Amino acid sequence: MSIVYLNGQYMPMEQASISPLDRGFLFGDGIYEVIPCFNAKPVGFALHMQRMQDGLAELGIKLSTTLAEWREIVEQLLEANGKGNLGVYLHVSRGMQPKRSHAYPSEITPTVFGFAFEIGDSPSSNPAQVKTFRAVTEQDRRWRRCHIKSTALLGNIMHYHQGQQRGADEVLLFNEDQQLTEAASCNVFMVKDGVIATPELDHQILPGITRHLLLAILRKDGRFKVEERPISLDEVLSADELWLTSSSKEVAPIVSLNGGPVGSGQPGPVWEQAQTLFSAHKYDY
Ligand code: PDD
């Protein structure tokens, strides 16, 4: 049985209910986080909560929950759901208002919801065992505030669906200038001639926590040159390696793009080292 958190209380999922007039439901007016936890140990907890605070501030949602209180909610959800390898989903919407109105109401209590879900073992850094991904390229048609981890994910899920319809697992998105932004549910890294590159942070991409951790780990290690810079479609199409990063996937190799192989068509040697480093150091930050 899944135990969830809703507005200060823990309860079985079946008993959790919110008003259909909640602005999260009507407008997607909210922020969320997904924190990966292996054997009940969260990865990047403080970084996830800082991004949550940044998102709430952007939306002007006032919530007094402290870092210690969030930690308690995460610990309780892990405890109540078997302490295994779980993703903890945390969601704050602006709250419920009695009358539907576009304007932000001044007096409103945010809705806070959390649940835990199975994410399986920590991803492997063994090329023979890791799950590999097939991707396709598409024009990024989402909004211009992708740095906000909004619960309004329609643009992302439409792109994701587009990818599935083309027989792929993910979609690499490109802006009007044919520069890489990110994927429908992940950030993207590229390797060319031993140099690792990823798009820089701006309103076009989510500041992924896995991206942040991977950059910090790679730079501290120092064996690879690492760049945050614009990346063109042509560069992506001729990359030696492409990776997806996200909380549940960690660093995941893309082995096919638009139906053709990426590099050798196998997880690459730089990926293997990057995921090995990530596994070893993901709790350091
Ligand atoms: N997705 N970009 C987008 C659009 C995302 O939705 C995600 C995460 C990422 C990677 O962020 P992070 O490393 O912080 O997980 C990048 C989550 C996991 C989801 O929506 O389920």
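Here the structure is a predicted model, which is why all the values come from computation and not from measurement. Both counts, for ligands and for their atoms, begin at 1 and track the order of listing.
- Aromatic pair F27/H102: ring centres closer than 6.0 Å.
- By the neighbour-count criterion of 12 heavy atoms within 6.0 Å, atom CZ of R229 is densely surrounded, having more than that number from other residues, nucleotides or ligands.
- Around CZ of R145, the count of heavy atoms belonging to other residues, nucleotides or ligands within 6.0 Å does not exceed 12.
- By the 6.0 Å and 45° rule, K131 stacks over the aromatic ring of F133.
- For Y10, the ring pair (Phe, Tyr, Trp, His ring centres under 6.0 Å) partners two or more places apart in sequence, or in a different chain, are Y5.
- Within a 6.0 Å sphere centred on NE2 of H203, other residues, nucleotides and ligands contribute more than 12 heavy atoms.
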Pick out the protein N or O atoms lying less than 3.5 Å from any N or O of ligand 1, and list each pair with its distance.
{"unit_1": "ligand 1", "atom_1": "1 (N)", "unit_2": "S185", "atom_2": "O", "d": "3.3"}
{"unit_1": "ligand 1", "atom_1": "2 (N)", "unit_2": "E182", "atom_2": "OE1", "d": "2.7"}
{"unit_1": "ligand 1", "atom_1": "13 (O)", "unit_2": "I209", "atom_2": "N", "d": "3.3"}
{"unit_1": "ligand 1", "atom_1": "13 (O)", "unit_2": "T210", "atom_2": "N", "d": "2.9"}
{"unit_1": "ligand 1", "atom_1": "13 (O)", "unit_2": "T210", "atom_2": "OG1", "d": "2.6"}
{"unit_1": "ligand 1", "atom_1": "14 (O)", "unit_2": "R51", "atom_2": "NH1", "d": "2.9"}
{"unit_1": "ligand 1", "atom_1": "14 (O)", "unit_2": "R51", "atom_2": "NH2", "d": "3.0"}
{"unit_1": "ligand 1", "atom_1": "14 (O)", "unit_2": "I209", "atom_2": "N", "d": "2.8"}
{"unit_1": "ligand 1", "atom_1": "15 (O)", "unit_2": "S247", "atom_2": "N", "d": "2.9"}
{"unit_1": "ligand 1", "atom_1": "15 (O)", "unit_2": "S247", "atom_2": "OG", "d": "2.7"}
{"unit_1": "ligand 1", "atom_1": "20 (O)", "unit_2": "Y32", "atom_2": "OH", "d": "2.6"}

